[in-house]
Amino acid sequence: MKRVLFIGEINVDLVFKNCQALPSPGREVLAEDFIMAPGSSSMICAMGLARLGNPVAFHGKLGADSWGDYCLDALRAAGIDIASVRPDATLRTGATVSLSTPQDRALVTFPGAIDTLRADEVSDALLAGADHLHVSSYYLQRALRPDCRQLFARARGAGLSTSLDPGFDPQQAWATDLLDTLTEVDLFLPNELELAAITGHDEVLAGLHALDNGHTQTVVKRGQRGCASLEQGHLLQVPAFAVDPIDSTGAGDSFDAGFLHAWLRGLPLFDCLRWGSACGSLSTRSIGGTAGQASASEVQTLLAATR
């Protein structure tokens, strides 16, 4: 079974469910419910992959504070190897406020320790203990970003496969250094908005062709419209699965977990897309990014019922 190493951000999510509207200056809105949950794209994807039965290790930075303790406890409870994670008293653990509806969400993030992790802090020993390297939140991890390409190159040189979820660019600059990084990436997992911003193409097929570098498999997440990728130059699409959504926080990260679970087992691209779509859809059953994440048996039941 392939061992997956996550190099990523650690923070908590404060999720407000079914907000009446997004607040405007000087005004207050009410939410139907609230929960504190494990947050960050990296944590949610790692916990989803572990939930599916994969061996997962995690390396990141966090503060020596109560929110950091909460995150470590959550990762440990998920069965994730966190032996390399060392809380730092000079840092503060980050936090994200998610204003959520069943269809979408808006986010406000305090980065805290998120933007302090450097590529040279990822040891050769960490890479040697893994078969696959995954990085999320390329634009948020500002200290990692300059040498992210080199980190992926090191991983590939050590025999690992690689994947990257860019996340949103809060500066909305969408600099082209990402395109250079993709030359060392096997799987690229943006959502539809990110694909359009990175490539300048609003149409999915044009965006996928724009990123076709002959090596990287780009998979675009389209929310309620499912997902898509190129197979031998042709558009391959899979719809989302019908569920009664409660909260969409982290659904894209759970999609990543499902897709990686299938891809690391050598399944055809169509089946990988279905696994990703199923995991993304099922994750919306509960508030927060991790509470509703699916087990492998739940995914298999859903896939069998919808062939």
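Just so you know, these numbers use all the heavy atoms, side chains as well, and skip hydrogens, waters and symmetry mates.
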Answer yes or no: is there a side-chain heavy-atom contact under 4.5 Å between [X] and [Y]?
X	Y	answer
L269	F259	yes
L144	S137	no
L49	I80	no
Y138	D177	yes
K17	I35	no
L178	L164	yes
S41	L140	no
L151	D147	no

I'd like to know if [Y] and [X] are part of one continuous hydrophobic network [Ile/Leu/Val/Met/Phe/Trp/Tyr, side-chain heavy atoms within less than 4.5 Å].
X	Y	value
M43	V108	no
L75	L62	yes
L14	I10	no
L91	L72	no
I44	V135	no

(message) Between D124 and R154, does any side-chain N to carboxylate O distance fall below 4.0 Å?
(response) yes
Salt bridge (Lys or Arg N to Asp or Glu O under 4.0 Å) pairs, two or more places apart, involving [range]:
range	answer
residues 63-73	D73-R76
residues 36-47	none
residues 256-285	K221-D256, R285-E298
residues 2-15	R3-D131

Side-chain donor/acceptor pairs under 3.5 Å, residues 213-220, sequence neighbours excluded:
unit_1, atom_1, unit_2, atom_2, d
N213, OD1, H215, N, 2.8
N213, OD1, T216, N, 2.7
N213, OD1, T216, OG1, 3.4
N213, ND2, T216, OG1, 3.0
H215, NE2, V185, O, 3.4
H215, NE2, D186, OD1, 2.9
T216, OG1, L182, O, 2.7
T216, OG1, V185, O, 2.8
Q217, NE2, S229, OG, 2.7
Q217, NE2, L230, O, 2.8

Out of curiosity, [X] [atom1] to [Y] [atom2], how far, rounded to the nearest 0.5 Å?
X	Y	atom1	atom2	answer
R156	L127	CZ	CG	13.5 Å
S163	L187	OG	CG	5.5 Å
C148	E184	SG	CD	10.5 Å
N11	T96	CG	OG1	4.0 Å
S98	F16	OG	CZ	9.5 Å
Q20	N18	CD	CG	10.0 Å

Side chain of [X], backbone of [Y]: donor and acceptor closer than 3.5 Å?
X	Y	result
S24	R27	no
E194	N191	yes
R86	A83	yes
T306	L302	yes

(request) Evaluate whether atom CZ of R92 has more than 12 neighbouring non-hydrogen atoms of other residues, nucleotides or ligands under 6.0 angstrom away. (result) no
(request) Can you establish whether the number of heavy atoms outside D180 located under 6.0 Å from its atom CG is more than 12? (result) yes
(request) Mind checking salt bridge (Lys or Arg N to Asp or Glu O under 4.0 Å) for E192 and listing every partner two or more places apart, or none if nothing turns up? (result)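 So E192 forms a salt bridge (Lys or Arg N to Asp or Glu O under 4.0 Å) with R222, R225.
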Measure across [X] and [Y] and return the closest heavy-atom pair with its distance rounded to 0.1 Å.
X	Y	value
L126	H59	CD1-CG, 3.7 Å
L52	A294	CD2-O, 3.5 Å
A46	F58	CB-CD1, 3.9 Å
S281	V243	O-CG2, 3.5 Å
M36	Y70	O-OH, 3.2 Å
L133	A155	CD2-CB, 3.7 Å

(request) With sequence neighbours excluded, give me every ring-ring contact (aromatic ring centres under 6.0 Å, His included) pair touching residues 140-190. (result) Y139-W174, F168-W174
For [X], ring pair (Phe, Tyr, Trp, His ring centres under 6.0 Å) partners two or more places apart:
X	answer
F241	none
W67	none
H132	W263

(request) Output all residues satisfying side chain to side chain donor-acceptor pair (under 3.5 Å) with S297, sequence neighbours left out; order by chain, then residue number. (result) S295
(request) Could you give me the CA-CA distance, side-chain angles and deciding distance for E231 and L273, then say whether side chain to side chain contact (heavy atoms under 4.5 Å, CB included) is met? (result) CA-CA 12 Å; E231 187 170 50; L273 292 170; over 6 Å; no
(message) Show me the pairs that pass side-chain hydrogen bond (donor to acceptor under 3.5 Å, both in side chains) and involve residues 197-207, at least two apart or across chains.
(response) none
